[in-house]
Amino acid sequence: MNLSTNSLGSSVKFRHFLSFIFKILSLLGLLLGLIVLLVLIGDLIRRGGDRLSIDFFTNFASRKADRAGILAAWVGTLWVMLITAVLTIVVGVSAAIYLEEYAPKNRATRLIELNILNLAAMPSILYGLLALGLFVHQMKLGSSLLTAGMTLSLLVLPVVIVASREALRSLPFTLKEASYALGATQFQTLVYHQIPAALSGIMTGVILALSRAIGETAPLITIGALTYIAFLPQSLMDSFTVLPIQLFNWLSRPQEEFHANAAAAGLVLLFLTFLLNGVAILIRIKARKNIKW
Amino acid sequence: MMSKALALIVFFAGFQSFAEKVAIDGSSTVFPITEGIAEEFQNANKGIQVTVGISGTGGGFKKFCRGETDVQNASRPITESEIKACQEKGIRYLELPVAYDAIAIVVNPANKFLSEITTEELKKIWEPSAKGTVTKWNQVNNKWPAEEFKLYGAGSDSGTFDYFTEAIVGKSKSSRGDYSASEDDNTLVMGISKEKNALGYIPLHYYMENQKKLKAVAVVYKGKSQKPDLEAVKSGAYAPLSRPLFIYVSDQSLGKKHVEKFVTFYLKNAIKMAEEVNYIALPKIAMDMTQEHFQSKKWGTVFKGHAEVGMKVEDLMKKEKQ
């Protein structure tokens, strides 16, 4: 390298300039995302904001736009999310633990791992078709709450498995060694040390997965949930409706007033998603505090 | 075997629901009437759960003939293959006309040259052999401009598609495939209102709700030109594109008290509800005949698997009686 002090100086300036440009570009990327979100929310508020009232939450759907509400839809959404969460946590975390801690490291395991990653990229409507054949027709569960919960759970399982494995893997190996050194079994090590330590990562994965599931429409329409419902579910086998489906139904009507209702329902759905993400952050903070190494 | 075992497991897990239910599915065209009736019925009868799905007439009949639903919304009569499917499962049914609907031929408001169209011209545009070859207005009628048209129509799961093809092309489900198809009529309205050279067919009430965005074209049938409106549909003058809408009720379901109660309620309120949701109600005399048909429990269909084009419900019900 044969650089004069002069050219070195200008080259340093140039590099600083480049890094400044990069910073601006990153900032623009962030702003673009935020602006789109703000415009979306502003648009929804403009279209449907004045439909948000207590009645809107306590009324069932109706053929009259000003009387129509989302009672069945938001209760249905909470039910479906609850069922999905329980199924996903139990199955997803177990699968992750097995793959990470127990599975032999051979070709079959690698094949399974690869396919889980592939599954995460499957279009959601295919899960709907699978559920239609398996849950609705074969197992005769109908288009019930249980079917919906199982369908959405299938849909988000790959994400949860991958996130949980990452969380377990990122723990320092010394944690395990210390536990073994004190005579703990593998099971005790998992239950008392690894899972609590990985909990914040696992829960983040679960909640991110749920906030994807909460907005899903296609697989639920496939299992036959595009339905007028004016009652609250009383058992897992009852028919149901959820917010995205109610939204879809209102948008497909010719009358403009129903489109305002759809915008209002969209706001509620957005708020629920924010809420879920908020809970994820809280859990993460709390879980981190509880780790005392 | 496997499926039965799984069904049993679920049953014993205590997930069974004991609420009284009326399960309805089928046509999106009949949906607004049935939805309104279901709403009023549940207000009057707390505790009975009524669900109204939108699977299209074809999709709905599949469920109905498997015994999964109690009531079927249909924007066309049951077809031969559906009659067979129901027979195989031993499902008998009542066929009850509840209202009229019509299909409107619509174009963009900017279209100045098209104010009426003959059924022959419509056939020229929509028959399967037109696919890829008939693409310009002047190929259909040489007084029309030499510009390409854009077609919009119902998707193949919809009763509107079945009825339109039967009435215009002469054979149900026989249509060209190169057009923008949607089961969602709003999509069609949007498309036609934005495209200067658009031509499409949609259920009449979608035109009624969007008269500023669309222009309806009169249909010339047997030398008579007729614009679509409520009166013309009721009197039978808007032929061949007006049609009766039905509900079908299965015999097993009618054995359940709450389903019978629902259907009774439906027939009693159908005229009022049809008018309220901007549909064309049956004339009272035709509704009385539907009532009578329901009381006398005459099972089966009068159509032998084909929609009769341009028939009034009164004539139809006379046929049902025989």
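So you know, we letter chains A, B, ... as the sequences are listed, proteins then strands, and number each from 1.
- Only the backbone of A/L232 comes within contact range of chain B, with heavy atoms under 4.5 Å apart.
- You'll find the side chain of B/F31 reaches within 4.5 Å of the side chain of A/N249, heavy atoms only.
- Residue A/L114 qualifies as enclosed at atom CG: its count of foreign heavy atoms under 6.0 Å is above 12.
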Inset, instruction - Would you sort out whether B/E209 and A/R253 count as a salt bridge (Lys or Arg N to Asp or Glu O under 4.0 Å), showing the intermediate values? - result: CA-CA 10 Å; B/E209 301 276 356; A/R253 292 177 188 236; over 6 Å; no

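- Residues A/D238 and B/K21 meet the side-chain proximity criterion, which asks for heavy atoms closer than 4.5 Å.
- Atoms CD1 and CD, on A/I229 and B/E35 in that order, are 11.5 Å from each other to the nearest 0.5 Å.
- Only the side chain of B/V277 comes within contact range of chain A, judged by heavy atoms closer than 4.5 Å.
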Inset, instruction - Take A/K140 and B/E68, measure what salt bridge (Lys or Arg N to Asp or Glu O under 4.0 Å) needs, and give me the verdict at the end. - result: CA-CA 10 Å; A/K140 307 216 179 306; B/E68 289 170 15; over 6 Å; no

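- Rounded to the nearest 0.5 Å, atoms CZ (A/F231) and NZ (B/K46) are 12.5 Å apart.
- Surrounding NZ of B/K256 are more than 12 heavy atoms belonging to other residues, nucleotides or ligands, all under 6.0 Å away.
- Remark: B/I24 CD1 to A/T227 OG1 distance equals 11.0 Å, nearest 0.5 Å.
- Neither the backbone nor the side chain of B/M190 comes within less than 4.5 Å of any heavy atom in chain A.
- B/S55 does not touch chain A: none of its heavy atoms, backbone or side chain, sits under 4.5 Å away.
- Interatomic distance, B/N43 CG to A/F60 CZ, rounded to the nearest 0.5 Å: 9.5 Å.
- Heavy-atom contacts from other residues, nucleotides or ligands closer than 6.0 Å to CZ of A/R47 number 12 or fewer.
- Residue-environment remark: CZ (A/F57) exceeds the threshold of 12 foreign heavy atoms within 6.0 Å.
- For the atom pair CZ of A/F248 and CD1 of B/I54, the computed distance is 8.0 Å after rounding to the nearest 0.5 Å.
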Inset, instruction - Start with the C-alpha distance between A/R67 and B/E40, add both sets of side-chain angles, then the distance that settles salt bridge (Lys or Arg N to Asp or Glu O under 4.0 Å), and finish with yes or no. - result: CA-CA 13 Å; A/R67 219 166 62 186; B/E40 295 304 324; 3.7 Å; yes

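- Rounded to the nearest 0.5 Å, atoms CG (B/N186) and CD (A/Q255) are 9.0 Å apart.
- In this structure, chain B has a heavy atom under 4.5 Å from the backbone of A/L251, while its side chain stays farther away.
- Summarising the local packing, CZ of A/F187 is surrounded by 12 or fewer heavy atoms from other residues, nucleotides or ligands at distances under 6.0 Å.
- A/G224 and B/K63 get closest at one heavy-atom pair: CA-NZ, 4.3 Å.
- Between A/K64 and B/E39 there is no salt bridge, since none of the side-chain N atoms of the basic residue sits less than 4.0 Å from a carboxylate O of the acidic one.
- Minimum interatomic distance between B/A38 and A/Y228 (heavy atoms only, all atoms of both residues): CB-CE2, 3.9 Å.
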